[in-house]
Number of protein chains: 2
Amino acid sequence: MAGIASDMIRGNTDTILLRFLCEKDSYGYEINKQILKLTDGQYGLNEATLYTAFKRLERAGYITSYWGNENQGARRRYYTVTQEGRAAYEANRNEWQNAKRLLERLIEDGKD
Amino acid sequence: MAGIASDMIRGNTDTILLRFLCEKDSYGYEINKQILKLTDGQYGLNEATLYTAFKRLERAGYITSYWGNENQGARRRYYTVTQEGRAAYEANRNEWQNAKRLLERLIEDGKD
DNA sequence: TAAGATACCTTATCTGTCAAGGTATATTGA
DNA sequence: TCAATATACCTTGACAGATAAGGTATCTTA
């Protein structure tokens, strides 16, 4: 997933994770599969990026975590979005929409 | 211009500069003023970012530069986009449009 | 004559991403 | 039975782009 596309998504990683956690508690591996599915396999988070982002969000107080009690299969660390996390998601979503508008002007309006 | 919005634009800096240079030869200070104008003052490149990007583009062979012969005022380094630069702009623009579509799915489709 | 605008540049530092490595368990097919 | 694959987590070191802060030099304006 290297290259420009991933650099374009940079800065939105946290927002994407929060979006999924706003729907329901989940864990890293599952969220990444959902991302891949939603993008038809065009985008997925590198694992190091994924777990770094979870740590960042937890440190910021936007999510909390707990171990699931799987009685079979690999263990899972579940994440729950906090009230602050929901607010951050809304704010980030607005920021994305604003940034999108600006980029459309800056990149696309100069079409030949 | 710190914060999330600037991180969202990261990865598009080169594309933005190429877009302006595809219209006409220009120099750093002028392009930055155009960016500010197009975004109603909402976004402008940090100078260090700006000149770093020019260097990167020149090293990549996407632009060339020459000193303008101003007989008054501060000296200006003008940039010209190359054929490869135009091709890169088109490719980047497509990548941006693709990334935009993905981000809309990943961020916006989960609306409440 | 000082302040502000124009115009360029460098350095050190920060942050997010990523490749590469690791651990452990369960399932599936040869 | 046993190797491969999928699930699921984590850490480390390196890299690239963005930035704050500093600098230089000229011209205009109050």
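Throughout, protein chains are lettered first and strands after them, A, B, ... in sequence-line order, and every chain is numbered starting at 1. Being a predicted model, the structure only gives us computed values, none of them experimental.
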*Of residues 47-56 of chain A, the positions that come close to DNA chain C - non-hydrogen atoms, cut-off under 4.0 Å*: A:Ala48, A:Thr49, A:Thr52, A:Arg56
*Could you tell me the separation between the CG atom of B:Leu57 and the P atom of D:dA16, rounded to a whole number of Å?*
16 Å
_Quick check for you: to the nearest 0.5 Å, what is the distance between A:Ile31 atom CD1 and A:Ile16 atom CD1?_
11.0 Å
*Just to confirm, is there a sub-4.0 Å distance from OP1 or OP2 of C:dA7 to any side-chain nitrogen or oxygen of B:Arg76?*
yes
*Which residue lies more 5' along DNA chain C, comparing A:Asp14 with A:Ala74 via nearest heavy atoms*: A:Asp14
*Measure from the side chain of A:Asp7, starting at C-beta and using heavy atoms only, and say which of C:dA19, C:dT6, D:dG17 lies closest.*
D:dG17
*Spacing of B:Thr15 atom OG1 and A:Leu103 atom CG [to the nearest 0.5 Å]*: 9.0 Å
For residues 58-66 of chain B, which side-chain N or O atoms pair as donor and acceptor with protein atoms under 3.5 Å away, sequence neighbours left out?
from	atom 1	to	atom 2	distance (Å)
B:Glu58	OE2	B:Ser65	N	3.3
B:Glu58	OE2	B:Ser65	OG	2.8
B:Ser65	OG	B:Arg77	NH1	3.2
B:Tyr66	OH	B:Asp25	OD2	2.7

*Any sub-3.5 Å donor-acceptor pair from B:Asn32's side-chain atoms to B:Gly44's backbone N or O?*
no
*Using a heavy-atom cut-off of under 4.0 Å over every strand shown, decide if B:Arg10 touches base, sugar-phosphate, or nothing.*
base
*Find the distance B:Asn46:CG to C:dA12:P and express it as a whole number of Å.*
17 Å
*For B:Arg59 and D:dA16, give me the distance from atom CZ to atom P, rounded to whole Å.*
9 Å
*Output yes when at least one side-chain N/O atom of A:Tyr27 is less than 4.0 Å from OP1 or OP2 of D:dC9, else no.*
no
_Distance, rounded to the nearest Å, where A:Met8 contributes CE and D:dA18 contributes P_ = 12 Å
*Looking at B:Ser6, does any N or O in its side chain come under 4.0 Å of the phosphate oxygens OP1/OP2 on D:dT19?*
yes
*Starting from C1' on C:dA7, measure out to OH on B:Tyr79 and report it in whole angstrom.*
11 Å
*What's the CD1-C1' distance between B:Ile16 and D:dA18, to the nearest Å?*
13 Å
*Under 4.0 angstrom between B:Arg75 side-chain N/O and D:dC27 OP1 or OP2*: no
_Between A:Thr13 and C:dT17, is there a contact of a side-chain N or O with OP1 or OP2 at under 4.0 Å?_
yes
*Atom CG of B:Leu45 and atom P of D:dA18: how far apart are they, to the nearest Å?*
8 Å
*Tell me, which pairs form a ring-ring contact (aromatic ring centres under 6.0 Å, His included) where one or both residues lie in residues 6-31 of chain B, sequence neighbours left out?*
B:Tyr27-B:Tyr78
_Lys/Arg-Asp/Glu bridge criterion (N-O < 4.0 Å) met for B:Glu90, B:Arg19_ = no
_Nearest heavy atoms of B:Tyr43 and B:Leu36, plus distance in Å_ = O-CD2, 3.3 Å
*Rounded to whole angstrom units, what separation is found between the CG atom of A:Asn32 and the C1' atom of D:dA6?*
14 Å
